[in-house]
Amino acid sequence: MRRGLAPVLENAQIIRVEQRRENLRFPFPDRFAERLEGQRVTDVARRAKFLLVHLEDGLVLIGHLGMSGSFRIEEGGDDFSPDAFTHERSKSAAHDHVVFYLSRQDGRPARVIYNDPRRFGFMLFADGAAINEHPSLSGLGVEPTGNSLDGEVLSTLFAGKKTPLKAALLDQRLIAGLGNIYVCEALWRAGLSPKRAAGTIATAKGKATVRSTRLAENVRAVIAEAIAAGGSSLRDHVQTDGSLGYFQHSFSVYDREGEPCPRKECRGTIMRIVQSGRSTYYCPSCQR
DNA sequence: CGATCCACCTGTCGGC
DNA sequence: TGCCGACAGGTGGATC
């Protein structure tokens, strides 16, 4: 989502903000629209699943999509009249909660629209000078992107933990940014049971193990592939241009209960179990 | 501190 | 066809 928004938002000026309701998951900040209007966007960043829109006066707009949130971009013609926007989608307009009207450097208008049927998403303000101290970000663990997550890091994080691997990987205080789908997929690729105690792939001193290294490699690979594919779109969850991400076509286990395990030479069947209230999909035959 | 459950809200799908 | 319950990408707060 960040990659989709950055080309349109960066260096654009926010001309007007239409806030169509008082709250999403949380109330909007006081004077939400007024504090954004007139400002230029200096940077569009991300931490874990939080979108960070930096503004010229140091304010940061923190956005989160929750379960069902999405942004879409509508490119304008010569002005902001309704006719100037060609991709109006009346289907979801009932849940269009915020509209950002932008003036870009090339002079062409655009708008960025936040849609969220369940309203589990939210938008907050933070101080750019102390962005990592914001309550939503201060407790977050390591990023699963890039090359920093390796067997040693995982072993250190999981050492001594009796909590199931599934729960440990979802714990944003340890690794920040993995969701239910990618945890299921990474565990399947690594051949590790979601029920195994997290500490059993680690050593007491946090030394890399065969299993922690294999899991770290597969976590990184799943995330990298999903980003390259434009994310995982379920139902109406879309990219900024309105198209669906297509990583969901690559799922090996997620939402595949009852199907044969896709691993070569494995004759197991994908099972669905519930762990800490969330669905886990895995192959009991090859994930140990 | 850690583990577990629940709340938040709307839409969709499967079963009857 | 319609109704009803189960379930859905996540976070954060309450309660042990």
Side-chain angles (χ1 to χ4, degrees), chain A residues 1-2 4 20-28 46-52 62-71 89-98 114-124 126 134-141 144 157-187 194-199 202 222-223 225-227 229-240 244-251 253-258 271-281:
Chain A
M1 190 61 74
R2 190 205 73 78
R20 297 184 177 172
R21 50 176 300 126
E22 288 303 302
N23 64 291
L24 293 171
R25 175 168 184 189
F26 305 123
F28 280 93
R46 177 195 63 78
R47 174 76 170 100
K49 302 171 195 170
F50 297 86
L51 183 74
L52 307 175
I62 300 182
H64 196 293
L65 301 174
M67 302 270 265
S68 59
S70 63
F71 284 101
R89 285 175 182 75
S90 56
K91 175 196 167 200
S92 55
H95 299 299
D96 288 348
H97 304 309
V98 187
Y114 182 69
N115 181 281
D116 189 354
R118 290 178 76 181
R119 305 201 302 273
F120 287 175
F122 52 84
M123 293 186 194
L124 301 170
H134 188 276
S136 287
L137 307 181
S138 62
L140 293 172
L157 289 172
F158 290 176
K161 292 218 177 302
K162 292 175 181 164
T163 194
L165 258 188
K166 167 78 185 305
L169 288 168
L170 273 180
D171 188 339
Q172 304 293 301
R173 298 168 300 181
L174 302 177
I175 303 167
L178 297 181
N180 200 33
I181 292 172
Y182 301 136
V183 165
C184 292
E185 294 298 311
L187 284 170
K195 297 194 281 191
R196 169 194 280 271
V222 164
I223 289 292
E225 287 173 34
I227 291 172
S232 304
S233 305
L234 305 182
R235 301 189 176 84
D236 61 345
H237 204 164
V238 294
Q239 298 186 82
T240 50
L244 298 175
Y246 53 84
F247 188 72
Q248 67 273 17
H249 301 307
S250 310
F251 291 170
V253 289
Y254 187 84
D255 204 21
R256 292 192 180 278
E257 182 183 22
M271 303 283 292
R272 173 185 175 272
I273 60 173
V274 175
Q275 293 179 290
S276 46
R278 323 258 334 251
S279 286
T280 298
Y281 297 90

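A note on names: the letters A, B, ... follow the listed sequences, proteins ahead of strands, and every chain is numbered from 1.
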Minimum-distance nucleotide (side-chain atoms of [X] versus [options]):
X       : options                  : result
Y254(A) : dT10(B), dT11(C), dG9(C) : dG9(C)
R272(A) : dA8(C), dG10(C), dA3(B)  : dA8(C)
K161(A) : dG10(C), dG2(B), dC9(B)  : dG2(B)

Where the side chain of R47(A) meets the backbone of L52(A), is there a donor-acceptor pair that is under 3.5 Å apart?
-> no

Considering all heavy atoms of both residues, which atom of [X] and which atom of [Y] are nearest to each other, and what is their separation?
X       : Y       : result
G177(A) : K49(A)  : O-CE, 3.3 Å
L140(A) : A48(A)  : CD1-CB, 3.9 Å
L170(A) : G179(A) : CD2-C, 3.5 Å
Y281(A) : V253(A) : CB-O, 3.3 Å
P194(A) : Q275(A) : O-NE2, 3.2 Å
D116(A) : G121(A) : OD2-N, 2.9 Å

Pairs flagged by salt bridge (Lys or Arg N to Asp or Glu O under 4.0 Å) wherever residues 158-168 of chain A is involved - sequence neighbours left out =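 For residues 158-168 of chain A: none.
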
Are OP1 or OP2 of [N] and a side-chain N or O of [X] less than 4.0 angstrom apart?
X       : N       : result
S279(A) : dA8(C)  : yes
K49(A)  : dT11(C) : yes
H64(A)  : dT11(C) : yes
H95(A)  : dG11(B) : yes
R118(A) : dG10(C) : no

When you compare dC9(B) with dG13(C), how far apart are their P atoms, in angstrom units rounded to a whole number?
->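 So the two P atoms sit 15 Å from each other.
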
P gap between dC7(C) and dC5(B), integer Å | 15 Å

Could you state the interatomic distance from OH (Y114(A)) to CE (M123(A)), rounded to the nearest 0.5 Å?
-> 6.0 Å

Aromatic stack F120(A)/dC8(B): centroid gap under 5.5 Å, interplanar angle under 30° =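 So yes, this residue stacks on that base, both cut-offs being met.
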
Tell me the stems DNA chain B sits in, counting at least three consecutive Watson-Crick or G-U wobble pairs, each under 3.5 Å on both distances.
->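 Ordered by first number, the stems with DNA chain B (at least 3 consecutive pairs each) read B:2-8 with C:10-16, B:10-16 with C:2-8.
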
Side chain to side chain contact (heavy atoms under 4.5 Å, CB included) between Y182(A) and L169(A), intermediate numbers included | CA-CA 10 Å; Y182(A) 301 136; L169(A) 288 168; over 6 Å; no

Can you tell me the distance, in whole Å, between the [atom1] atom of [X] and the [atom2] atom of [N]?
X       : N       : atom1 : atom2 : result
E257(A) : dA6(C)  : CD    : C1'   : 13 Å
D116(A) : dG9(C)  : CG    : C1'   : 11 Å
L170(A) : dT11(C) : CG    : P     : 9 Å
D255(A) : dA6(C)  : CG    : P     : 18 Å
Q172(A) : dG9(C)  : CD    : P     : 14 Å
L157(A) : dG2(B)  : CG    : C1'   : 16 Å
Q275(A) : dG10(C) : CD    : P     : 14 Å
L124(A) : dT11(C) : CG    : C1'   : 12 Å

How is G179(A) classified with respect to the nucleic acid when contacts are heavy atoms under 4.0 Å: base, sugar-phosphate, or nothing?
-> sugar-phosphate

Along DNA chain B (nearest heavy atom to each residue), the more 5'-positioned of G277(A) and R173(A) |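 Its nearest nucleotide lies further toward 5', so the answer is R173(A).
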
If you draw a 6.0 Å radius around CZ in R20(A), do more than 12 non-hydrogen atoms from other residues or ligands fall strictly inside?
->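 Yes, CZ of R20(A) has more than 12 neighbouring heavy atoms, counting only those of other groups under 6.0 Å.
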
What protein N or O atoms touch nucleotides 12-14 of chain C N or O atoms at under 3.5 angstrom, if any, and at what distances?
| residue | atom | partner | partner atom | Å |
| --- | --- | --- | --- | --- |
| dG12(C) | OP1 | S136(A) | OG | 3.4 |
| dG12(C) | O4' | R25(A) | NH2 | 3.0 |

